[in-house]
Structures are given as structure tokens and as C-alpha cells.
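Notes for the one structure printed next.
Lettering of chains follows the sequences in order, A, B, ..., and the numbering in each one begins at 1. Hydrogens, waters and symmetry mates are skipped; everything else that's a heavy atom, side chains included, is used.
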Number of protein chains: 2
Amino acid sequence: MKASLEQHLSSLQNATTLEDLQGVTEALRDHYKTSHVVYHWVNSIGERFGAGTYSPEWVDRYLEKDYLRLDPVIFGCFQRFTPVIWKELDWSSKPARAMLQDAMDHGLGNQGYTIPIRGPAGQFALFTLNTQAEDQDWHAFIDANARDLMILAHELNKKALEFEQWGDAATTPMLSPRELSAMTYLAKGMNRAQAAAEMTISEHTLRVYIESARHKLGALNTTHAVARALATGVIIV
Amino acid sequence: MKASLEQHLSSLQNATTLEDLQGVTEALRDHYKTSHVVYHWVNSIGERFGAGTYSPEWVDRYLEKDYLRLDPVIFGCFQRFTPVIWKELDWSSKPARAMLQDAMDHGLGNQGYTIPIRGPAGQFALFTLNTQAEDQDWHAFIDANARDLMILAHELNKKALEFEQWGDAATTPMLSPRELSAMTYLAKGMNRAQAAAEMTISEHTLRVYIESARHKLGALNTTHAVARALATGVIIV
DNA sequence: TTCCACCTCACTATTTTAGGGGAGTAAGAA
DNA sequence: TTCTTACTCCCCTAAAATAGTGAGGTGGAA
């Protein structure tokens with residue numbers, strides 16, 4: 001088992017195309033004898049990058065139906081640091097259960113294990129194993145492989161970031177210290193007068209910072225600017 | 001070596017107090033025969049949580065001098081997914097070199113290795129090993145221990161998040177689907193007219209959603225509401 | 001030294017948003 | 001059934017945001 005992990009990691013490190021990544025997920029699926037192995041980015045616009053063994057039909061359906069918005073796996077992973085076992089999530093809502101049924105109709109198993117991975121500039125990705133199994137067998141499998149899976153998830157994301165060149169200096173705008181402060185205070189709910197008072201500058205000056213930050217962030221309005229600053233990790237509330 | 005990693009992980013998992021974490025970092029320092037082992041959060045306000053073997057004097061000085069803002073380690077880690085070897089960073093700026101000298105005067109070694117760790121809601125932490133060594137020895141040490149250190153970093157952060165009870169379910173309010181949509185469109189930079197058009201409702205109705213979402217989120221204004229929705233992970237941009 | 005980014009302040013103008021009301025319908029839970 | 005929650009629509013005024021313009025001082029880098 002251990003030797004095989006190294007094998008997969010090595011073929012992962014040699015990967016140069018998306019097809020190579022795809023091949024790695026397929027090899028992992030066969031190795032772990034699961035139904036599916038998937039790595040993919042997550043954002044609200046839709047999947048921009050991913051490799052895995054899900055059928056194209058299911059991926060299309062997932063995006064088309066906007067399942068991203070109601071998928072408890074996404075929601076759970078987004079709020080946690082640790083991996084999630086699908087069965088332990090909250091499936092009480094009707095749409096969520098309908099989605100799960102839909103997934104099973106598209107060849108997914110009843111058991112899943114998803115590792116959230118976070119990179120710079122708010123990057124968020126998931127590494128998922130899915131299969132048909134009994135609860136106890138699945139838990140035993142997770143216990144046995146959790147650490148290897150974490151390393152795999154990490155290496156997959158590293159490779160994906162290389163491919164996409166996420167968050168290189170060009171794409172993450174540099175805000176000046178005062179701009180950062182301004183955005184931070186706004187994100188904390190202060191109005192301009194309060195933020196200006198906090199920074200001991202005039203409200204006019206504060207506006208200049210907000211405006212310049214907004215332009216640097218390519219934002220359409222102040223709320224958008226704060227949202228982007230938060231999402232890209234430029235500021236932390 | 002391998003058995004010892006398990007030992008450290010086990011004592012980490014049994015940790016219930018900050019002092020226990022502190023003990024783990026000290027044990028790790030002794031085990032790896034380095035000068036320092038440190039885990040700490042990073043945010044714009046300053047250090048809120050951390051455990052490590054740095055002298056209190058150095059920690060105080062670091063915060064007092066606002067080194068957080070100019071530290072190439074912080075900056076480098078914030079932009080990367082992979083760990084950084086200090087020597088490979090850009091130390092060309094004068095204040096950065098001054099800080100490094102200051103650090104050495106406070107008992108730090110010339111070599112460092114820092115792993116960035118990201119959690120939900122923009123949480124950002126660092127796990128650092130620091131020591132006095134030759135370049136080649138340090139590289140050999142990193143090569144030999146990189147994977148173990150990654151696992152340690154991960155487990156340390158997991159524990160830290162438990163301590164701080166980051167993002168537990170009770171604190172994350174449930175927004176209705178329409179409220180979620182409204183917040184999402186606002187976070188994308190739409191104004192109310194655009195968002196209302198997107199949701200095919202009147203702008204008046206949209207405002208009701210924004211208001212109710214704002215109240216549920218305990219936000220002072222719309223920007224604050226979007227910021228909180230993003231930070232708590234209820235919406236994804 | 002010269003340049004550039006940053007910090008600070010000011011003015012004017014229009015458009016948009018905030019925040020406070022109230023009120024009716026439909027669906028689902030107790 | 002009743003109660004609650006979600007969804008939809010409408011009114012008002014004061015505050016905030018936006019989009020330009022300008023200009024002077026500082027400090028670091030080439």
C-alpha cells in the first residue's frame with residue numbers, strides 16, 4: 001500500500017497536462033477500489049478546473065441544476081478544516097436528499113469522503129472519494145487511508161495551482177496599508193465616518209482609499225470591493 | 001523516527017489546553033533538534049493564538065515593531081500553497097534584512113522552514129521550524145521530514161481550531177434561499193436593480209431580503225452583511 | 001536627483017442605498 | 001386548524017456612494 005502511494009505521487013509530480021491529472025484520479029480509483037475519485041475547484045461561477053472519474057453527464061447536471069448551492073458536502077467542507085464523511089452531514093433538507101438520489105442515479109455510490117483544500121487568494125478545492133459500501137466498511141477504509149488521502153489531496157492541489165498559476169503576483173492586487181485598513185473597517189461594519197475616525201483622517205481621505213482600493217480590486221462598488229478583498233484573502237476580519 | 005511522529009501526534013490529540021500545545025512544540029523542537037518550533041495564527045489585527053518556543057521578548061518585539069507587515073515569511077506564505085524555505089525568499093528590502101538581524105539577536109537561527117495552513121473563513125496559520133545550520137544540511141533535513149511536518153502542521157491547526165471553536169454551527173445563521181441569492185449577487189458586485197432583475201423580483205422585495213439577511217447575520221449594514229456571509233462561508237463568490 | 005507610490009485634504013455633482021414603516025399570499029409544521 | 005416562515009409588493013426621507021477634478025507633502029528606489 002505504502003509503495004503504491006509513492007507511485008501515485010510520482011506520476012502526479014510528472015503530470016504536465018489535465019489529462020495526466022485525469023489519469024491519476026483513475027489510477028487512484030482503481031487502486032482504492034472505489035467508484036469515483038475526483039479533484040475539483042469550487043466557486044460560485046461554476047467548476048473551472050477539475051479532474052475526476054464522474055461521468056460528464058453528472059458533472060453537467062450538477063452545474064446545470066446549480067447543486068453547488070445546496071450540496072451539503074460543499075457547505076460542510078467550506079465551514080470545516082477537517083474532511084467530511086458524507087453520511088455525517090445534514091441531509092434533512094428535501095432538495096439535498098433529491099440531489100443525493102439524483103447522484104446515485106448517475107452512478108455515484110452512497111458513501112463519500114471529501115477533503116477540503118484551501119490555497120492562496122481564497123482558492124478552495126475538494127478531493128473526493130465516492131463508492132458503494134456499508135457504513136462500517138467505509139469508516140474502516142477512511143481510518144486506514146486518511147493520512148495518505150490528505151497527502152494526495154495536498155499534492156493534487158499543488159499540481160492544480162501550478163497548472164492554473166493561481167494567485168501569482170499579477171492577479172492579487174497589492175493594497176497599501178491605509179487601503180487595507182479602510183477595507184478592513186468597512187468589512188467590520190463601520191460606516192465611512194466611523195472608519196475615518198478610527199483611522200484619524202478626514203472622511204474625504206477615506207473615500208480616496210476606498211476608491212483606489214476598489215479600482216485595484218477591479219470592483220464595481222464598495223460592497224464588491226470588500227467581498228473581493230475578503231474572498232482573495234487580502235483582508236481578514 | 002516514524003514511531004516518534006506518532007508519539008507527537010498522539011500527545012497533540014490529547015492536548016486540551018494551550019499549555020499542552022506549548023509542550024508539543026517544545027517536544028518537537030527537542031525531537032528535531034532545532035532552535036525553535038512555532039505554530040501561530042496570522043491576521044491583520046495581530047497574533048491572537050499561538051504556541052511555540054520563541055522567547056516572549058521576541059514575540060513582543062515582533063508585534064510591537066509590526067514586523068507582520070514586512071516579514072517576507074508571512075508575505076511569501078500568504079501567496080503560496082507550498083511551504084517556504086526562508087533562504088529562498090526575497091530579503092532584498094532593507095527593513096526585512098533589519099528584521100532578520102533583529103531575529104538572530106533574539107535567539108533565532110539563520111535557517112527557517114514555514115508551512116502555511118488555511119482554514120475556513122480565511123483563517124491563516126503558520127507552522128515554523130527555525131535553527132542554525134548550513135544550507136545543504138537544512139535542505140537535507142527538509143527533504144527528509146517535509147511530509148511529517150505537513151501532517152504535524154495540519155494536526156496542530158485542527159487542534160487550534162478546536163480550541164477557538166472556529167465557525168461552529170450555532171454561530172452560523174441560516175439564510176433562506178432568496179436571502180442567499182440576494183447576498184451572493186451583492187457580493188458579486190451587482191447593485192440592487194441588477195440583483196432584483198436577476199432574481200426576477202421587484203427591487204423593493206430584494207431590499208426586504210437584504211434587510212432580513214442583514215438582521216440574521218447581525219450586520220450593521222449591507223457591506224457588513226456580505227462580509228459576514230462570506231467570512232462564515234454561507235455564501236461562496 | 002528624479003521618479004513613483006503613498007498619504008492627506010478639498011470641491012461639486014448626480015445617482016444609489018439605507019432604514020423605517022405596512023400588508024397580503026402560499027406552504028409547511030405543530 | 002393555527003402558527004410560522006418564506007415570499008412578494010409598496011411608501012417615505014436622509015444618508016451614502018459614485019465619478020470626476022484638483023493639489024501638496026513624504027519617503028524609498030533607480
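Of the possible polar contacts, one joining the N110(A) side chain to the A133(A) backbone as a donor-acceptor pair under 3.5 Å is found. For the pair R80(A) (side chain) and P83(A) (backbone), a donor-acceptor distance under 3.5 Å is present. Checked by atom type and distance alone, the side chain of R118(B) pairs as donor or acceptor with a backbone atom of F78(B) at under 3.5 Å.
In terms of phosphate contacts, T205(B) brings no side-chain nitrogen or oxygen within less than 4.0 Å of OP1 or OP2 of dC7(D). Listed pair R178(A) / dC6(C) fails the phosphate criterion, with no side-chain N or O lying under 4.0 Å from OP1 or OP2. For the pair S176(A) and dC6(C), the criterion of a side-chain N or O lying under 4.0 Å from OP1 or OP2 is not met. OP1 or OP2 of dT8(D) lies within a sub-4.0 Å distance of a side-chain N or O belonging to Y209(B). Regarding contacts with the backbone of dC6(C), a side-chain N or O of K216(A) is found under 4.0 angstrom from either OP1 or OP2.
Residue pairs meeting the ring-ring contact (aromatic ring centres under 6.0 Å, His included) criterion with at least one member in residues 92-120 of chain A, sequence neighbours excluded: W58(A)-H106(A).
When the P atom of dT17(C) is taken as reference, atom CE of M183(B) falls 13 Å away, rounded to whole Å. Whole-Å rounding puts the H204(B) NE2 to dC9(D) C1' distance at 8 Å. One interatomic measurement links the two molecules: CE of M199(B) to P of dT8(D), which rounds to 7 Å at whole-angstrom precision. What separates CD of E179(A) from C1' of dA5(C) is a distance of 10 Å, to the nearest Å. Here dT16(C) presents its P atom at 18 Å from NE2 of H224(A), a figure rounded to the nearest Å.
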Along nucleotides 13-25 of chain D, 5' to 3', which nucleotides get a B, which get an S, and which get a -, given that the test is a protein heavy-atom distance under 4.0 Å?
---SBBS------
Report, one pair per line, the protein and nucleotides 28-30 of chain C atoms (nitrogen or oxygen only) whose separation is under 3.5 Å.
none

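W138(A) and T131(A) share no side-chain donor-acceptor pair at under 3.5 Å. Between the side chains of N157(B) and Q123(B), at least one donor-acceptor pair of N or O atoms lies under 3.5 Å. Residues D71(A) and Y62(A) have side chains that bring a donor and an acceptor to within less than 3.5 angstrom of each other.
Using a cutoff of 4.0 Å between basic side-chain nitrogens and carboxylate oxygens, R207(A) and E203(A) are scored as salt-bridged.
Below 30°, between 30° and 60°, or above 60°: for F49(A) and F163(A) the angle between ring planes is above 60°, a perpendicular geometry.
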